[in-house]
Number of protein chains: 2
Amino acid sequence: MAGSPKSPNALLHGALDALILKVLSRGPSHGYAVARFIEEATGDALLVEEGSLYPALYRLERRGWVEAEWGTSELGRRAKLYRLTAAGRTQLDQEVATWRQFSTGVSKVLFAS
Amino acid sequence: MAGSPKSPNALLHGALDALILKVLSRGPSHGYAVARFIEEATGDALLVEEGSLYPALYRLERRGWVEAEWGTSELGRRAKLYRLTAAGRTQLDQEVATWRQFSTGVSKVLFAS
DNA sequence: TGGCATTACCTAGACGATCTAGGTAATGGC
DNA sequence: GCCATTACCTAGATCGTCTAGGTAATGCCA
């Protein structure tokens, strides 16, 4: 009974953009590497599925927060390299601030005595 | 340009259930009061719209995590009182743990040097 | 008496985002 | 020759929030 068929990562909703932007703020990268970075950095606590990743990257590009260019990965393979734009950096700051407010609020309620 | 027409609280996705369960763990309450409590507890950082609140309560009831009963509010008005079930308490514990993992992960990425 | 804010609930449809589950293609180890 | 890995792409299902409407009762105030 306990296992309800719920979306495995509903919480990711709205936070993924900020995560991607943050990773790209460390320097240009390609989608696959962004996902691997997030997973590794969180000890697999956050899994980024490709069906969420690529649509998110197109979304960010469409909004002018990242720019894409074909190039090669560290392993010498064909890869689309994403780079944070100036607007993207502004957006990142804002999303970080929003996240801080939100998570503080949730914690206030969830961890109240 | 900066203002994109984004859903005001996409982050709430997946966290609302936990918030409601937590508020109800303090004792039975009605929907309207739950929303007011969350808003007041977070200094209006978290706004719970009624169009999210009531569907969420039905969802929780359908899953057996809360039980509803008609009664009266503190102001003597007709109100539907929700009470946490045993299954709801278990679910709350699990959702709090999930939230902790998730928010820790996001913070690791967003607040990394 | 009338008007209005507040309390309290309800709901249809729009919208947005993740996930499932498939696919392509090239590389390199065994 | 086979298979895991790297790397990208996408349609459709699914789920949850929000918009924007609605009902109804109470109590204040002019």
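Side chains are part of it too, since the values below use all heavy atoms of this structure and drop only hydrogens, waters and symmetry mates. By convention in this document, chain letters (A, B, ...) are assigned in the order of the sequence lines, proteins followed by strands, and residues within each chain are numbered from 1.
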Would you classify B:Gly31 as touching base, sugar-phosphate or nothing, given that sugar-phosphate means primed atoms plus P, OP1 and OP2, and contacts are heavy atoms under 4.0 Å?
-> sugar-phosphate
In whole angstrom, what separates A:Leu57's CG from D:dA7's C1'?
-> 12 Å
Indicate whether OP1 or OP2 belonging to C:dA17 is found under 4.0 Å from a side-chain N or O atom of A:Ser52.
-> no
Check: C:dC19 base within 3.5 Å donor-acceptor of A:Glu50 side chain = no
Tell me which nucleotide among D:dC9, C:dT7, C:dC19 gets nearest to the side chain of A:Leu12.
-> C:dC19
From the list D:dT10, D:dC8, D:dG16, which nucleotide is the closest neighbour of the side chain of A:Pro55?
-> D:dT10
Parallel, tilted or perpendicular, as decided by the 30° and 60° cut-offs, for the rings of B:His13 and A:His13 = parallel
Whole Å only: how far is the CG atom of A:Leu81 from the C1' atom of D:dC8?
-> 13 Å
Look at the side chain of B:Glu49 and decide which nucleotide, out of C:dC9, C:dG16, D:dT19, has an atom nearest to it.
-> D:dT19
Using the ring of each side chain (for Trp, its six-membered ring), is B:Tyr32 parallel, tilted or perpendicular to B:His30, with breaks at 30° and 60°?
-> parallel
If you check every side-chain atom of B:Arg59, which of C:dG16, D:dT17, D:dC9 has the closest atom?
-> D:dT17
Side chain of A:Ala79 only, please: which of D:dA7, C:dC9, D:dC9 is the nearest?
-> D:dA7
Take atom CZ of A:Arg78 and atom P of C:dA26, then tell me their distance rounded to the nearest Å.
-> 9 Å
For A:Ser73 and for A:Gly51, find the nucleotide of DNA chain D with the closest heavy atom, then tell me which residue's nucleotide is more 5'.
-> A:Ser73
Which of these, A:Gln91, A:Glu61, A:Arg83, sits in a side-chain contact (heavy atoms from CB on, under 4.5 Å) with A:Val66?
-> A:Glu61
B:Tyr54 vs C:dA8: side-chain N/O to OP1/OP2 distance below 4.0 Å | no
Which atom pair, heavy atoms only, marks the closest approach of A:Ala68 to A:Tyr82?
-> CB-CE2, 3.6 Å
When you measure from the side chain of B:Ser73 to the backbone N and O of B:Ala79, does any donor-acceptor pair fall under 3.5 Å?
-> no
Any donor-acceptor pair under 3.5 Å between the side chain of B:Arg77 and the base of D:dA25?
-> yes
Calculate the interatomic distance between A:Glu74 atom CD and C:dT27 atom P; express it in whole Å.
-> 16 Å
Counting side-chain heavy atoms from CB outward, which of C:dC10, C:dA8, D:dC9 is closest to B:Leu75?
-> C:dA8
Does A:His30 have a side-chain nitrogen or oxygen under 4.0 Å from the phosphate oxygens OP1 or OP2 of D:dA7?
-> yes
Closer than 4.0 Å, any side-chain N/O of A:Tyr32 to the OP1 or OP2 of D:dC8?
-> no
